[in-house]
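Count residues from 1 along the sequence. Every heavy atom of this structure was used, including side-chain atoms; hydrogens, water molecules and symmetry mates were not.
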Amino acid sequence: YTEAEMAKTMETNTSPEILRTNLSSFIITLKALGIHNILGFDLMNVPSVQALSHGLESLYALGAIDDKTNLTELGGKMSEFATEPRVSRVMLESLNA
C-alpha cells in the first residue's frame, strides 16, 4: 500500500474485538461466573443486540443454556474448557462415545 492509499482505505484504529467476534464464549463465561443479565453487564463497547442474540441462540442449540437462558449442567462443563463452546461440546460428546 502507498501512504495515500492507506490513509484513504484503512481505519485509524481497529474496532474492539467484542464488536467483531462470536460472543458465545464471552456469554458462557459470564454465565459460569454467575452473571445472568448479559444485557445489563457494563461494557465499554456494547455489542449489538443481534450479536448477543446470536451468541445466546448458539449456546441454546448446543444445550449450554435452557429456554430461560440459565446455564445447564452441560453448559457448566463446557465453560471449563478454554475453547469455543462448539469445540467443548464436541470434546464432551467424544467422552460419551
Side-chain angles (χ1 to χ4, degrees):
Y1 293 104
T2 64
E3 185 175 347
E5 187 65 25
M6 188 145 174
K8 184 173 80 174
T9 60
M10 300 295 212
E11 294 181 26
T12 305
N13 298 312
T14 58
S15 60
E17 187 173 356
I18 196 163
L19 302 178
R20 299 181 277 126
T21 62
N22 182 341
L23 299 177
S24 56
S25 292
F26 170 71
I27 294 170
I28 199 169
T29 300
L30 288 181
K31 295 276 186 189
L33 292 171
I35 300 167
H36 302 291
N37 184 5
I38 305 300
L39 295 174
F41 190 73
D42 191 25
L43 296 168
M44 289 179 66
N45 299 97
V46 180
S48 68
V49 173
Q50 181 182 6
L52 287 167
S53 178
H54 177 67
L56 288 168
E57 288 172 5
S58 296
L59 292 174
Y60 181 76
L62 292 169
I65 58 173
D66 61 18
D67 56 349
K68 294 182 181 173
T69 72
N70 295 316
L71 200 61
T72 62
E73 183 179 345
L74 175 62
K77 291 177 184 177
M78 290 169 61
S79 70
E80 295 174 4
F81 288 86
T83 61
E84 287 286 322
R86 292 177 296 145
V87 175
S88 60
R89 174 65 193 260
V90 169
M91 291 168 60
L92 286 169
E93 286 298 317
S94 72
L95 295 174
N96 296 332

K.L.:
Mind checking what makes side chain to side chain contact (heavy atoms under 4.5 Å, CB included) contact with L74, not counting sequence neighbours?
P.N.:
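L74: side chain to side chain contact (heavy atoms under 4.5 Å, CB included) contacts with T72, M78, R89, L92.
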K.L.:
Taking only residues two or more places apart in sequence, or in another chain, which ones meet V90 in a side chain to side chain contact (heavy atoms under 4.5 Å, CB included)?
P.N.:
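Side chain to side chain contact (heavy atoms under 4.5 Å, CB included) check on V90 returns nothing, list empty.
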K.L.:
How long is the straight-line distance from CD of Q50 back to CG of L23, given to the nearest 0.5 Å?
P.N.:
11.0 Å
K.L.:
Please give me the minimum heavy-atom distance between T83 and S25, naming the atom from each residue.
P.N.:
O-OG, 4.1 Å
K.L.:
Distance check, rounded to the nearest 0.5 Å: S88 atom OG versus I28 atom CD1?
P.N.:
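Rounded to the nearest 0.5 Å, the OG-CD1 separation comes out at 6.0 Å.
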K.L.:
Measuring from H54:NE2 to L59:CG, what's the distance to the nearest 0.5 Å?
P.N.:
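If I round to the nearest 0.5 Å, the distance is 9.5 Å.
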K.L.:
Side chains of L52 and F41, heavy atoms from C-beta outward: is any pair under 4.5 Å?
P.N.:
no
K.L.:
Can you name the residues that form a side-chain hydrogen bond (donor to acceptor under 3.5 Å, both in side chains) with K77, not counting sequence neighbours?
P.N.:
none
K.L.:
With sequence neighbours excluded, tell me which residues meet side chain to side chain contact (heavy atoms under 4.5 Å, CB included) with A61.
P.N.:
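Residues passing side chain to side chain contact (heavy atoms under 4.5 Å, CB included) with A61: none at all.
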K.L.:
Quick check on the hydrophobic clustering: are L39 and L30 connected, directly or via other members, by side-chain heavy-atom contacts under 4.5 Å?
P.N.:
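Looking at the clustering, L30 is in the same group as L39.
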K.L.:
How long is the gap from OG1 on T29 to CG on L71, to the nearest 0.5 Å?
P.N.:
10.0 Å
K.L.:
Which residues pass the salt bridge (charged side-chain N to carboxylate O under 4.0 Å, His left out) test with R86, sequence neighbours left out?
P.N.:
none
K.L.:
Would a hydrophobic clustering, with Ile, Leu, Val, Met, Phe, Trp and Tyr connected at side-chain separations under 4.5 Å, put V49 with I35?
P.N.:
no
K.L.:
Identify, with sequence neighbours excluded, every residue that meets side chain to side chain contact (heavy atoms under 4.5 Å, CB included) alongside Y60.
P.N.:
I65, D67
K.L.:
Using 0.5 Å steps for rounding, measure from the CG atom of N37 to the OG1 atom of T69.
P.N.:
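Reported value, rounded in 0.5 Å steps: 9.0 Å.
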K.L.:
To the nearest 0.5 Å, what is the distance between OG on S24 and CD on E57?
P.N.:
11.5 Å
K.L.:
Tell me, do I38 and K31 make a side-chain contact under 4.5 Å, heavy atoms counted?
P.N.:
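Yes. Closest side-chain heavy atoms under 4.5 Å.
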